[in-house]
Amino acid sequence: MPELPEVETTRRRLEPDLVGQTFTAVTIRWPRSIMTPVAALLTILPGLKIESLDRRGKYLLIRLSQNFTLCLHLKMSGQLTIEPTSTPPHHHVRTAFSLANGSELRFRDSRKFGRVYLVENVDEVVGTLGPEPLGHDFTAKSFLALCHSRKGRLKPLLLDQHFIAGIGNIYADESLFQARIHPGRAISSLSTREVSRLYQAIRHVLDQAITLNGTTLDDVYPDGAYQNHFQVYGRRDQPCHSCQSMIQRIVLAGRSTHFCPHCQKST
DNA sequence: CTAAAATCCTGGTGGC
DNA sequence: TGCCACCAGGATTTTA
């Protein structure tokens, strides 16, 4: 379940090995994950050089020569590794990008939800995303205005990538706990003070998660430590670290939602 | 506009 | 031990 912190950690891990490299070939084992015409990917990508690695929300953006960008979304179970071409690929490697130095960028994804795009205009992929929650232009003031522009409950909104980019189920629940706001609250019911708390919580939670290299669950993602700092996510029927009340789990927006009924007031 | 449900997928789990 | 129903979960699509 890679969210913004996991994608950012992945970006930082891959960057030194990828920048300056040139793609030589692509091996596609699960064509449905390729959102660009497969023939175009196979013919265009070889020869393109990697210039930089960026991130937008949960998308990894590999900037290439000739103004192309390879966009990758890890969705639920995607992982990216760089391995020598001579190393036999794991069973779940769906796409392998060969590099001129004899290694491969391998997209491993057991659940096959991951997506690959090769575009000249990245807005085709990320153009409708909401603001970057850690960006300089995402301020308390702009968040307040954003909150006034939308209706609905907080949990579904935080998961909506057009509202804010990069937040998923884990960091939505953790942010709402830190802001001491119930996930089922209507956004229109928030006081200015609560909006401010939520803004600070989102920034702090994501920032700390990046510092800890993200969350590792079910070995899907390497080296993360944020799972050791969960306050509510996955802690159903365990005592709140703040007040000892039992953490509750409900379903909102069709997603498991964890909260402390004492610390997070519903009104 | 919001919202709920269905869809895509498979590894892991719990029940028996 | 084996079988199977069920579930998680990001984002899109469909339906209300």
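Here is the naming used below: chain letters follow the sequence lines, and residue numbers restart at 1 for every chain. In what follows, every heavy atom counts, from backbone to side chain, and hydrogens, waters and symmetry copies are set aside.
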Problem set entry | Neighbours of DNA chain C within residues 144-156 of chain A, by heavy-atom distance under 4.0 Å | none

Seminar exercise, completed: Outer limits of DNA chain B sitting under 4.0 Å from a non-hydrogen atom of chain A, read 5' to 3', are B/dT2 to B/dG11

Exercise. What residues, two or more places apart in sequence or in another chain, satisfy salt bridge (Lys or Arg N to Asp or Glu O under 4.0 Å) together with A/R32?
Worked result: none

Exercise. Which hydrophobic side chains are connected to A/F177, either touching it within the sub-4.5 Å cutoff or through other members that do?
Worked result: A/V232, A/I247

Exercise. Using a cut-off of 4.0 Å between protein heavy atoms and nucleotide atoms, how would you tag nucleotides 10-16 of chain C 5' to 3' with B, S and -?
Worked result: BBS----

Problem set entry | Interface residues of residues 225-237 of chain A with DNA chain B (non-hydrogen, below 4.0 angstrom) | none

Exercise. Mind checking what makes side-chain hydrogen bond (donor to acceptor under 3.5 Å, both in side chains) contact with A/T257, not counting sequence neighbours?
Worked result: A/K155

For this session: Enter the distance from A/Q231:CD to A/S175:OG here, rounded to the nearest 0.5 Å.
Result: 11.5 Å

Exercise. Of all residues at least two apart in sequence or in a different chain, which pass the salt bridge (Lys or Arg N to Asp or Glu O under 4.0 Å) check with A/E174?
Worked result: none

Seminar exercise, completed: Across all chains, not counting sequence neighbours, the salt bridge (Lys or Arg N to Asp or Glu O under 4.0 Å) partners of A/D160 are A/R150

Exercise. With ring centroids as reference points, do A/F138 and A/Y199 lie under 6.0 angstrom apart?
Worked result: yes

For this session: Would you indicate what A/R115 reaches in the nucleic acid, counting non-hydrogen atoms under 4.0 angstrom: base, sugar-phosphate, or nothing?
Result: nothing

Exercise. Taking atom types as modelled and ignoring hydrogens, do the side chains of A/Y171 and A/E6 form a donor-acceptor contact shorter than 3.5 angstrom?
Worked result: yes

Seminar exercise, completed: Note: with side-chain heavy atoms under 4.5 Å as the link, the other cluster members for A/L252 come out as A/I250, A/F259

Seminar exercise, completed: Taken to the nearest whole Å, OH/A/Y171 to P/C/dG9 is 13 Å

Problem set entry | Side-chain H-bond candidate by donor/acceptor type, A/H92 with A/R108, under 3.5 Å | no

Exercise. Do the non-hydrogen side-chain atoms of A/V38 and A/I28 ever get within less than 4.5 Å of each other?
Worked result: yes

Exercise. Side chain to side chain contact (heavy atoms under 4.5 Å, CB included) with A/Q208: which residues, sequence neighbours excluded?
Worked result: A/H204, A/L212, A/Y226, A/H229

If you look only at distance, which donor and acceptor atoms sit under 3.5 Å apart when one is on a side chain in residues 124-133 of chain A and the other is two or more places apart or in another chain?
| from | atom 1 | to | atom 2 | distance (Å) |
| --- | --- | --- | --- | --- |
| A/T128 | OG1 | A/H162 | ND1 | 3.3 |
| A/E132 | OE1 | A/R55 | NH1 | 2.9 |
| A/E132 | OE1 | A/R55 | NH2 | 3.2 |
| A/E132 | OE2 | A/R56 | NH1 | 3.0 |
| A/E132 | OE2 | A/G57 | N | 2.5 |

